[in-house]
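Since we're looking at a predicted model, the values are computed, not measured. Both counts, for ligands and for their atoms, begin at 1 and track the order of listing.
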Amino acid sequence: MTAIAPEAAAYTAAMKRALEIAAQGPVTGPNPQVGCVLLNDAGEIVSEGWHEGSGTPHAEIMALDNLRARDLSAKGLTAVVTLEPCAHTGKTGPCAVALVEAGVSRVVYSVSDPGAISGGGAAILEQSGVQTLGGVENEAGTALIERWLVSETLQRPWVTLKWAMSLDGRSAAADGTSQWITGDETRAKVHLDRSRHDAIIVGINTVLTDNPRLTARAPEGGLYPHQPLAVVIGARDVPDNALIRNHPGGFLHAQTHDLAQTLSDLFARGTRSVYVEGGATIASAFLKARLVDELHITMGPLLLGGPATAVTDIGVTTMADAHQLNIVDVCTLGGDIVVTARPLREGSR
Ligand SMILES: NC(=O)c1ccc[n+]([C@@H]2O[C@H](COP(=O)([O-])OP(=O)(O)OC[C@H]3O[C@@H](n4cnc5c(N)ncnc54)[C@H](OP(=O)(O)O)[C@@H]3O)[C@@H](O)[C@H]2O)c1
């Protein structure tokens with residue numbers, strides 16, 4: 001990477017704008033949110049673009065197209081992009097090449113693309129005489145597309161594990177009933193979170209016990225525009241009349257106990273994030289396999305006692321094996337407490 005003048009600080013404001021417009025793209029789907037602004041010599045923004053999802057133009061292309069639509073040239077401009085321009089031909093051509101052909105003289109980006117195929121755009125730009133500068137507003141750029149970055153790096157979807165429990169850590173009463181441990185506000189958050197993931201996973205027992213719809217519904221009752229794929233995992237058959245079979249996001253039955261393989265299969269079909277909704281057996285199996293990136297633990301103000309603990313065997317028999325967590329957020333929602341936590345990764349404390 002070549003250091004260029006003016007220094008990175010000169011691009012902070014433009015990168016913040018690129019990050020802001022990137023957030024207009026969808027959080028779901030196989031592609032990350034990306035924003036791009038084009039600057040003239042005076043550092044003024046002359047065009048903007050962002051990615052609106054798989055199959056649509058990438059942010060750089062939208063910014064170049066918006067410029068051309070006004071009969072302006074990109075020659076000598078600086079492109080400020082939230083993600084290193086891609087190097088591969090997918091549903092669209094490589095952005096690095098498009099920027100070279102358009103005549104931009106510099107490309108400033110926030111986050112390097114870890115993709116085995118899509119990465120390497122900066123090298124193409126450099127080889128073609130375009131100056132590059134990476135790492136500008138890197139923390140914010142990484143945070144924006146963290147789920148996608150983790151997914152690309154691990155070659156499996158990002159996994160959010162959610163459960164609802166009583167204050168004494170029970171996810172159901174002794175007779176198996178579990179509706180409703182938490183209140184309306186928390187349930188509204190769960191529905192919103194469903195709409196912000198590519199897929200939902202539940203264990204077969206939850207389907208057989210509760211026959212849930214698992215749709216993502218807005219507070220006023222309508223469906224959110226994005227519905228996740230509904231995945232049931234387990235050997236037993238899903239009944240023909242199970243509501244989940246008619247899920248508007250599609251239905252998939254993974255007749256296996258192999259969680260890693262299921263995640264890998266989902267990744268292969270473009271799933272970059274999953275929302276695991278239990279029950280306790282599936283939640284525990286994901287934890288035991290250390291396949292969880294974020295935990296959403298919602299606690300209702302009640303006690304249930306009895307044997308239905310929120311998690312069971314998670315592979316811990318002694319303190320040294322405990323799953324160590326970082327608390328990301330604690331808030332109250334209605335009468336409930338919602339904890340967001342992340343398993344510590346190596347070197348993350
Ligand atoms: N409080 C909450 O947040 C919440 C959320 C969801 C459900 N629930 C409640 O939880 C109860 C159901 O939970 P549950 O623990 O009995 O069942 P579950 O987790 O829904 O399903 C467990 C089943 O999944 C299959 N399975 C697939 N992969 C597995 C793996 N890697 N390891 C082990 N089993 C695997 C097994 O069935 P096969 O033998 O057929 O493969 C297993 O019996 C219901 O009462 C429901 O109301 C509570």
Side-chain angles (χ1 to χ4, degrees), residues 156-157 159-194 197 199-216 228 230-239 242-245 247 251-266 274-292 294-316 333-341:
R156 63 147 173 87
V159 176
T160 304
L161 170 61
K162 165 258 158 188
W163 70 75
M165 67 183 197
S166 57
L167 278 185
D168 58 340
R170 303 306 198 270
S171 62
D175 68 353
T177 51
S178 66
Q179 289 172 328
W180 304 101
I181 290 177
T182 50
D184 289 347
E185 288 92 336
T186 303
R187 287 210 299 282
K189 172 183 156 40
V190 168
H191 280 274
L192 182 64
D193 285 339
R194 284 177 184 166
H197 287 77
I200 295 182
I201 295 181
V202 285
I204 181 69
N205 255 3
T206 295
V207 171
L208 297 175
T209 310
D210 298 344
N211 192 19
R213 280 185 286 172
L214 292 176
T215 50
V231 180
V232 179
I233 186 162
R236 278 165 292 162
D237 289 335
V238 175
L243 293 173
I244 201 168
R245 283 189 174 276
H247 198 283
F251 161 75
L252 187 80
H253 184 191
Q255 277 190 294
T256 176
H257 283 197
D258 192 335
L259 305 182
Q261 186 61 49
T262 301
L263 290 179
S264 167
D265 292 347
L266 287 170
V274 302
Y275 189 61
V276 180
E277 290 213 38
T281 307
I282 288 301
S284 305
F286 269 92
L287 286 167
K288 192 173 184 178
R290 307 264 172 182
L291 286 171
V292 176
E294 187 162 280
L295 287 154
H296 293 182
I297 303 169
T298 64
M299 287 173 265
L302 70 169
L303 304 172
L304 288 170
T309 52
V311 291
T312 54
D313 175 15
I314 57 168
V316 176
L333 262 185
D336 304 327
I337 298 170
V338 179
V339 176
T340 305

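- Residue pairs that meet the salt bridge (charged side-chain N to carboxylate O under 4.0 Å, His left out) test with at least one member in residues 298-309, sequence neighbours left out, do not exist here.
- The distance criterion of under 3.5 Å between nitrogen or oxygen atoms is met by Gly176 with respect to ligand 1.
- At a heavy-atom cutoff of 4.0 Å, ligand 1 is contacted by the side chain of Asp210 but not by its backbone.
- For atom 19 (O) of ligand 1, the closest heavy atom belonging to the protein is Ile282 N, 3.0 Å.
- The nearest pair of heavy atoms linking Thr309 to Ser171 is O-OG, 3.7 Å.
- Residue-ligand proximity, Gly203 to ligand 1, at heavy-atom distances under 4.0 Å covers atoms 18 (P), 20 (O), 21 (O).
- Here is the list of ligand 1 atoms found below 4.0 Å of a heavy atom in Thr256: 27 (C), 28 (N).
- Across Thr206, Leu214, Val231, a single residue satisfies side-chain contact (heavy atoms from CB on, under 4.5 Å) together with Ile201, and that is Val231.
- For atom 17 (O) of ligand 1, the closest non-hydrogen atom of the protein is Asn205 CB, 2.9 Å.
- Here the closest heavy-atom approach between residue Arg170 and residue Asp168 is recorded as NH1-O, 2.7 Å.
- In this structure the side chain of Ile297 reaches within 4.5 angstrom of the side chain of Trp163, judged on heavy atoms.
- Between Trp163 and ligand 1, no N or O atom pair is found at a separation short of 3.5 Å.
- Lys189 and Leu333 get closest at one heavy-atom pair: CD-CD1, 3.8 Å.
- The single protein non-hydrogen atom nearest to atom 22 (C) of ligand 1 is Thr281 CB, 3.6 Å, given as residue, atom name and distance.
- Using a 4.0 Å cut-off to heavy atoms of Ser171, the atoms of ligand 1 that qualify are 1 (N), 48 (C).
- Residue-ligand proximity, Ile233 to ligand 1, at heavy-atom distances under 4.0 Å covers atoms 24 (O), 25 (C), 27 (C), 28 (N).
- The nearest protein atom to atom 10 (O) of ligand 1, hydrogens excluded, is given as Gly279 CA, 3.9 Å; this is a heavy-atom distance.
- Considering both main-chain and side-chain atoms, Ala164 comes within under 3.5 Å of ligand 1 through a nitrogen or oxygen pair.
- Residue contact check: Ser178 has heavy atoms under 4.0 Å from atoms 8 (N), 9 (C), 46 (C), 47 (O), 48 (C) of ligand 1.
- Asp210 meets the salt bridge (charged side-chain N to carboxylate O under 4.0 Å, His left out) test with no other residue; sequence neighbours excluded.
- Selection from Thr206, Ile181, Val190, Thr182 by nearest heavy atom to atom 20 (O) of ligand 1 gives Thr206.
- With distances taken over non-hydrogen atoms, the option nearest atom 30 (C) of ligand 1 out of His296, His257, Arg170 is His257.
- For ligand 1 and Glu277, the ligand atoms under 4.0 Å from any heavy atom of the residue are 5 (C), 6 (C).
- Annotation: atom 43 (O) of ligand 1 to nearest protein heavy atom, Arg236 NH2, 3.1 Å.
- A side-chain contact (heavy atoms from CB on, under 4.5 Å) with Met299 is found for exactly one of Val339, Val338, Ile181, namely Val339.
- Looking at heavy atoms from C-beta onward, Val202 lies in side-chain contact with Ile244 at the 4.5 angstrom threshold.
- Interface of Ala285 with ligand 1, defined as ligand atoms under 4.0 Å from a residue heavy atom, comprises 30 (C), 31 (N), 32 (N).
- Among Thr312, Leu291, Ile204, the residue whose heavy atom lies closest to atom 23 (C) of ligand 1 is Ile204.
- Numbered from 1 in the order shown, with element, the atoms of ligand 1 that lie under 4.0 Å from a heavy atom of Ala235 read 38 (P), 40 (O), 41 (O).
- Just one residue in the list His296, His197, Glu294 forms a side chain to side chain donor-acceptor pair (under 3.5 Å) with Thr160, and that residue is His197.
- Thr256 places no side-chain N or O within 3.5 Å of a backbone atom of Gly234 that could act as its donor or acceptor partner.
- Pairing each heavy atom of Asp313 with each of Ser284, the nearest pair is O-CB, 3.6 Å.
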